[in-house]
Asks: 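The structure under discussion is supplied below as structure tokens; questions concerning it will follow.
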Number of protein chains: 2
Amino acid sequence: MAKLQKSIDKRNALVKATIELVNNNGFHATPMSKIAKMAKVSPATIYLYFENKQDLVNQTYIDVKAEYTKYAFANYDPTMPIKEGFEMIWKRIADFKLKECEYAMFLAQCDNTPMIDEESRQEGIKHLQPLLDLWERGKKEGVIKPISDYILYAYAINPLSFLMMTQKSGAFTLDKTHLEEAYQSAWSSIKMCK
Amino acid sequence: MAKLQKSIDKRNALVKATIELVNNNGFHATPMSKIAKMAKVSPATIYLYFENKQDLVNQTYIDVKAEYTKYAFANYDPTMPIKEGFEMIWKRIADFKLKECEYAMFLAQCDNTPMIDEESRQEGIKHLQPLLDLWERGKKEGVIKPISDYILYAYAINPLSFLMMTQKSGAFTLDKTHLEEAYQSAWSSIKMCK
DNA sequence: AAAAAAAGAATGAACATTCATTTTTAACAT
DNA sequence: ATGTTAAAAATGAATGTTCATTCTTTTTTT
């Protein structure tokens, strides 16, 4: 196998192990030694790929955030009508949060903790732009409520994080019907009332 | 001062220090020694009040969750009409999350991390019953959408956590108008459409 | 003066990171 | 193709620190 590919594989294994261990034990209880073991690598090797533990977790965060937004906008096209475009993005995000549960949980933990450096946090936000653009357009057309993007995100997207967490905790399972109800709630909360 | 009161004060100081340090540094970076120092107490004294670090953080979680729900339902009366009752509870919760930011942040961190024992987590949920009862009644009366409580919570209440976090991060400030918009979004997402 | 509470220092374990070697890679010569 | 070798990558075992917890002594309470 090519040298480069081996390096990439090893880095990916480290990132994956970090996600899994942080999800299950929390940042405070995932030592480098365990990450190394799970990635089948010596502890010392981690330091060939990352500066230190903080750098490892920062980079993991950015990687996962990039996955998330790539997935969210994969089949979105900025020329779509507002309602259709929103539904498409929303359903992709829902898919991601419920199917790529590991990723979504990791993000939830990072986003509610002082675990990630401010700089990496900023880096992670950038990729959300297409959604903000869609809302901008929707407001102009009078389809979307003319309120802060933060409020729109809080109501249209963030609830999915909560639902993902309760689903993960086993408290209940979102089926197709629930998902449709959730979508309707999301849309109701941001669309202009007639 | 009475012995009992002194004990209570000391315990409260420890709980308060825990909240503050965990909020600012994360669980992984708040050693017992710092908690002790901030509470103006010897590290050894912590162990007179709590079994160990895990117990300290569990109890802190339960304390804060109790504060939260006490505040939320302080002036709610189960005989109120649905819409009015919901508005009252919602606004109290909003108040709490935005004014008692320290508490709310701590809860957000606990709720998205494996930092708290499952048992304490269950304990914390209990106090939310009045809201679930209100929804139950609302569904019977055809005022509230007949969907899972988890989905109702995800849309009606949880967005406030997100807004609290962005407000805390300094990204934007919720003023009275925003709050009213947010309330309308919350209500829109759970009320039956006519 | 006995009991309870609190303190500071001590203990031992766990951890992030680095160090000294070993193993692997790949460019080149045969 | 195969052997040679220098550089790169990887390793396991240190290292020194930090931390939760406990121990012994001192202070406070009753």
Side-chain angles (χ1 to χ4, degrees), chain A residues 1-61 106 109-110 113-117 120, chain B residues 1-61 106 109-110 113-117 120:
Chain A
M1 201 188 308
K3 178 193 115 187
L4 184 64
Q5 187 54 49
K6 267 188 82 171
S7 283
I8 293 176
D9 288 350
K10 217 160 267 191
R11 187 184 176 283
N12 286 344
L14 284 166
V15 165
K16 187 160 185 280
T18 303
I19 295 168
E20 196 166 334
L21 288 167
V22 169
N23 275 348
N24 291 324
N25 311 324
F27 187 45
H28 69 286
T30 73
M32 294 296 257
S33 55
K34 271 196 196 167
I35 296 175
K37 191 167 288 175
M38 182 171 273
K40 292 186 180 148
V41 134
S42 153
T45 303
I46 302 183
Y47 293 86
L48 299 175
Y49 293 85
F50 304 94
E51 258 181 57
N52 49 39
K53 194 180 180 183
Q54 186 61 56
D55 183 44
L56 166 58
V57 79
N58 282 340
Q59 288 202 37
T60 301
Y61 174 73
F106 183 78
Q109 197 164 164
C110 292
T113 314
M115 174 175 139
I116 301 295
D117 283 348
S120 306
Chain B
M1 199 188 309
K3 178 193 113 184
L4 184 62
Q5 187 54 48
K6 267 188 80 170
S7 284
I8 292 175
D9 287 350
K10 216 160 269 194
R11 188 183 175 284
N12 286 344
L14 285 166
V15 165
K16 187 159 184 281
T18 302
I19 295 168
E20 197 167 331
L21 288 167
V22 168
N23 275 347
N24 291 322
N25 311 324
F27 187 44
H28 69 285
T30 72
M32 295 297 258
S33 54
K34 272 196 194 168
I35 296 175
K37 191 167 287 175
M38 182 171 274
K40 291 184 180 150
V41 134
S42 155
T45 304
I46 302 183
Y47 293 86
L48 299 175
Y49 292 84
F50 304 93
E51 257 180 58
N52 50 38
K53 194 179 179 185
Q54 186 61 55
D55 182 45
L56 166 58
V57 78
N58 282 340
Q59 287 201 37
T60 301
Y61 174 74
F106 183 77
Q109 197 163 165
C110 292
T113 316
M115 174 175 138
I116 300 295
D117 283 349
S120 306

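Only this structure's heavy atoms are used, side chains among them; waters, hydrogens and symmetry mates stay out. By convention in this document, chain letters (A, B, ...) are assigned in the order of the sequence lines, proteins followed by strands, and residues within each chain are numbered from 1.
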Asks: Counting just side-chain N and O atoms, does A:T45 come under 4.0 Å of either OP1 or OP2 of D:dT11?
Replies: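 True: A:T45 side-chain N/O within range (under 4.0 Å) of D:dT11 OP1/OP2.
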Asks: I want to verify a distance call: between D:dT11, C:dT17, C:dG8, whose nearest atom is closest to the B:S42 side chain?
Replies: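 Out of D:dT11, C:dT17, C:dG8, the nucleotide with an atom closest to B:S42's side chain is C:dG8.
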Asks: Could you state the atom-to-atom distance from CG of B:L48 to P of C:dA4 in whole Å?
Replies: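 Going from B:L48 (CG) to C:dA4 (P), I get 13 Å.
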Asks: B:H28 NE2 to D:dA20 C1': how many Å, rounded?
Replies: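 It works out to 17 Å between those atoms.
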Asks: When you measure from the side chain of B:Q54 to the backbone N and O of B:M115, does any donor-acceptor pair fall under 3.5 Å?
Replies: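 Yes.
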Asks: So, is A:K10 close to the D:dA10 phosphate, meaning a side-chain N or O under 4.0 Å from OP1 or OP2?
Replies: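 Looking at the OP1 and OP2 atoms of D:dA10, one of them is under 4.0 Å from a side-chain N or O of A:K10.
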Asks: Would you check if the side chain of B:N52 reaches a backbone N or O of B:D55 as a donor-acceptor pair within less than 3.5 Å?
Replies: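 Yes; judged by distance alone, with no hydrogens or angles, the pair exists.
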Asks: C:dA14 P sits how many Å from A:F27 CZ, rounded?
Replies: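 So the CZ-P distance, A:F27 to C:dA14, works out to 19 Å.
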Asks: Could you state the CD1-P distance from B:I8 to C:dA5, rounded to the nearest angstrom?
Replies: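 So the two atoms are 13 Å apart, to the nearest Å.
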Asks: Which residue lies toward the 5' end of DNA chain C, A:A44 or A:A29, if each is placed at its nearest nucleotide?
Replies: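 Looking at DNA chain C, the more 5' nearest nucleotide goes with A:A29.
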Asks: I need the CD1-P distance between A:I46 and C:dC15, as an integer number of Å.
Replies: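 Atom-to-atom, A:I46 to C:dC15, this comes out as 13 Å.
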Asks: Okay, side chain of B:N58, backbone of B:I116: is any donor-acceptor separation there less than 3.5 Å?
Replies: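 No, B:N58 side chain to B:I116 backbone: no donor-acceptor pair under 3.5 Å.
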Asks: Can you give the dot-bracket line for DNA chain D, where a pair is Watson-Crick or G-U wobble with both atom distances under 3.5 Å, crossing pairs use [ ], and | marks a partner on another strand?
Replies: ||||||||||||||||||||||||||||||
Asks: In whole angstrom, what separates B:N52's CG from D:dA20's P?
Replies: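 For the pair B:N52 CG and D:dA20 P, the rounded distance is 11 Å.
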Asks: Applying ring pair (Phe, Tyr, Trp, His ring centres under 6.0 Å) as the test, list every pair that has at least one member in residues 16-56 of chain A; sequence neighbours left out.
Replies: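 Of all non-adjacent pairs touching residues 16-56 of chain A, those that pass ring pair (Phe, Tyr, Trp, His ring centres under 6.0 Å) are A:F27-B:H28, A:H28-B:F27.
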Asks: Which part of the nucleic acid does B:Y49 contact within heavy-atom distance under 4.0 Å: base, sugar-phosphate only, or nothing?
Replies: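 If one applies the 4.0 Å heavy-atom cut-off, B:Y49 turns out to touch the sugar-phosphate alone, with no base involved.
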Asks: Expressed as a whole number of angstroms, how long is the span from A:L14:CG to D:dA10:C1'?
Replies: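 Distance check: A:L14 CG to D:dA10 C1' gives 12 Å.
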Asks: Rounded to whole Å, how long is the line connecting atom CE of A:M32 with atom C1' of D:dT15?
Replies: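 Checked: the CE to C1' distance equals 16 Å.
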Asks: Would you check if the side chain of B:T18 reaches a backbone N or O of B:L14 as a donor-acceptor pair within less than 3.5 Å?
Replies: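 It does hold such a pair.
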Asks: Measure from the side-chain heavy atoms of B:Y47 and tell me the nearest of C:dA7, D:dT21, C:dC15.
Replies: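 Among the listed nucleotides, the one closest to the side chain of B:Y47 is D:dT21.
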Asks: Do B:N24 and B:E20 pair up side chain to side chain, a donor and an acceptor below 3.5 Å, judged on atom types alone?
Replies: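 B:N24 vs B:E20: no donor-acceptor pair found between side chains.
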Asks: If only atom types and distance count, is the side chain of B:S42 paired as donor or acceptor with the main-chain N or O of B:A44 below 3.5 Å?
Replies: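 Answer holds: yes.
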